[in-house]
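Following: one structure in structure tokens, then a few remarks.
Letters A, B, ... are given to chains in the order of the sequence lines, protein chains preceding strands, and every chain is numbered from 1. Note that this is a predicted model, so its numbers are computed, not measured.
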Number of protein chains: 2
Amino acid sequence: MEHQAKYQELKTYYFGVLPTLTEDSWKIFESLLSIRTIKKGDYLLREGKICNHVSFINHGLLKIYYEVDGKEKIVAFFKELTYCCDYASFLMREPAETAIKALEETEVVEINYEGLQHLYNLVPEANMIGRRIAENLFIDKCRNSSNNVTESVESKYQKVVTETPWLIQRVPQYMIASYLGITPEALSRIKARNSKKTVVTAAQY
Amino acid sequence: MEHQAKYQELKTYYFGVLPTLTEDSWKIFESLLSIRTIKKGDYLLREGKICNHVSFINHGLLKIYYEVDGKEKIVAFFKELTYCCDYASFLMREPAETAIKALEETEVVEINYEGLQHLYNLVPEANMIGRRIAENLFIDKCRNSSNNVTESVESKYQKVVTETPWLIQRVPQYMIASYLGITPEALSRIKARNSKKTVVTAAQY
DNA sequence: GCTTTTCCTTAACCCAAATCAATAAAACAT
DNA sequence: ATGTTTTATTGATTTGGGTTAAGGAAAAGC
């Protein structure tokens, strides 16, 4: 099967750190997966729809965001070799308050809600994996909002620059601004201030 | 045993909505629990320590907060019949960035990290419970930060007033302010503005 | 190549909330 | 009850980011 290599990737990156499933369990899991491609600018999930899949990204880049009085508030970016989902909508079976849109041509391997419940029933060990995934998601979310509370916009931007340089490369600055919770103008000013500082500092030596 | 009633409460409120454990599994779980009381003003968890327990609150009230340049940033309040933990520290076995402090005399029933892992090993169904708990925590966190992004300080305050009136009763206003991410002065002004509005509105009829 | 659209920057002005400071009101203790 | 500490309010001032608007740079389209 052509997709075999994709699934192998998934197995390695997604579950590599997790307790391994038996070959049989893995087969069951694999049988529940499907592949989807999303063109740049298209939606993986539309606001108001129930999120019905957990998607593992083979390649591409997506954003998850709220739309509040006409303006986007980007919550997160998802790139290849991570999973992507409005987990709140997915788990609660409620309409999503967010939308997920592809910023680049994207390919995902996904499992749908029924498939996952099926898996939990058929393969009890999968509960442990599900637990770890939920735990990791929660921890990430905690770190994230901890950052938002603790740090200034300025240092949040610095963190993006140093910790996720790929983001700067791959998305326009106004989306970074939205992600940081400020306007593009404000981010532009912050950058200007910083580069001025650097020049001054450099000039002193 | 004197604590029996306490554990019954826990069983009802904490696991009531969750798939029930068998009597035997429950016995194992129960054997791993212990009781602790925290005096008003004392810590359930100190910043920098690894959070070693998930605590179910029998009675009392706690706050979880960051301390950033001398000022508290309150993340959440926990009252009786909910669970309380710095889950990020607990799961990652990392020093907590938060502290948890009792705002009232508090009694908790808790399970420690080793106990919980032990439980997961002995009672595989517990993984499902752990999964559901992590999922719920994550969803709560999502809702919360969604709120923070989407809504104005004003409407966040209104939400606290209408949705968690007990908070207003039980904690001083400056902590509500911290929870909302503003200064006590700012909250005082919001209240003043609102009551003025109400008076004006009332006078018009 | 040139045009068009999209994105970024800069400036002037405005506003909500922070800060600083002083006072008032509650809560607590003896 | 009275003094002490803690909490809440109000005012004056500052500030960081929002808003509006305009011009420049870079990408995308043809």
- request: Apply side-chain hydrogen bond (donor to acceptor under 3.5 Å, both in side chains) to A:Asp42 and list each qualifying residue two or more places apart in sequence or on a separate chain.
  value: none
- request: Toss me the dot-bracket line for DNA chain C: Watson-Crick and G-U wobble, both under 3.5 Å, 5' to 3', using | for pairs to another strand and [ ] for crossers.
  value: ||||||..||||||||||||||||||||||
- prompt: Which residue pairs pass the ring-ring contact (aromatic ring centres under 6.0 Å, His included) test with at least one member in residues 138-194 of chain B, sequence neighbours excluded?
  reply: A:Tyr87-B:Phe138, B:Phe77-B:Tyr179
Strand-adjacent residues in residues 168-177 of chain B, judged by heavy atoms under 4.0 Å from DNA chain D: B:Pro172, B:Gln173, B:Tyr174
task: With sequence neighbours excluded, tell me which residues meet side-chain hydrogen bond (donor to acceptor under 3.5 Å, both in side chains) with A:Thr106.
output: none
Under 3.5 Å, which donor-acceptor pairs do the side chains of residues 91-98 of chain B form with other protein atoms, sequence neighbours left out?
residue: B:Arg93; atom: NE; partner: B:Phe90; partner atom: O; Å: 3.0
residue: B:Arg93; atom: NH1; partner: B:Asn52; partner atom: OD1; Å: 3.2
residue: B:Arg93; atom: NH2; partner: B:Cys51; partner atom: O; Å: 2.9
residue: B:Arg93; atom: NH2; partner: B:Asn52; partner atom: OD1; Å: 3.1
residue: B:Arg93; atom: NH2; partner: B:Phe90; partner atom: O; Å: 3.4
residue: B:Glu97; atom: OE1; partner: A:Ser146; partner atom: OG; Å: 3.3
residue: B:Thr98; atom: OG1; partner: B:Asp86; partner atom: OD2; Å: 2.6

Contact check, side chains of A:Leu44 and A:His53, non-hydrogen atoms, under 4.5 Å: no
Intermediate values then yes/no, salt bridge (Lys or Arg N to Asp or Glu O under 4.0 Å), A:Arg143 and A:Glu163: CA-CA 14 Å; A:Arg143 291 230 177 90; A:Glu163 291 176 15; over 6 Å; no
DNA chain D contacts made by residues 73-80 of chain A, counting heavy atoms under 4.0 Å: none
- request: Among B:Ile64, B:Leu45, B:Val108, B:Leu62, find the one that has a side chain to side chain contact (heavy atoms under 4.5 Å, CB included) with B:Cys84.
  value: B:Leu62
- prompt: Restricting to pairs with a member in residues 59-69 of chain B, which pass salt bridge (charged side-chain N to carboxylate O under 4.0 Å, His left out), not counting sequence neighbours?
  reply: B:Lys63-B:Glu72
field: Main-chain N/O of B:Asp140 paired with B:Asn144 side-chain donor or acceptor, under 3.5 Å
entry: no
message: Holding to side-chain hydrogen bond (donor to acceptor under 3.5 Å, both in side chains), I want the full list of residues that pass it with A:Gln173, two or more places apart in sequence or in another chain.
response: A:Lys191
- request: Check whether any side-chain heavy atom of A:Val149 lies under 4.5 Å from a side-chain heavy atom of B:Val75, and answer yes or no.
  value: no
- line: Per side chain to side chain contact (heavy atoms under 4.5 Å, CB included), A:Ile111 is matched among A:Phe56, A:Tyr83, A:Phe29 by A:Phe29
field: Sidechain-backbone polar pair: A:Thr164 side chain, A:Val160 backbone, donor-acceptor under 3.5 Å
entry: yes
- line: Its contact letters, B for base, S for sugar-phosphate only and - for none at protein heavy atoms under 4.0 Å, make nucleotides 12-30 of chain D read B----SBBB----------
- line: For B:Glu151, the side-chain hydrogen bond (donor to acceptor under 3.5 Å, both in side chains) test, sequence neighbours excluded, returns B:Ser155, B:Lys159
query: First and last nucleotide of DNA chain C touching chain A, 5' to 3', heavy-atom cut-off 4.0 Å?
result: C:dC7 to C:dA12
task: Give the intermediate values and the outcome of salt bridge (Lys or Arg N to Asp or Glu O under 4.0 Å) for residues A:Arg189 and A:Glu185.
output: CA-CA 6 Å; A:Arg189 274 181 288 209; A:Glu185 292 90 337; over 6 Å; no
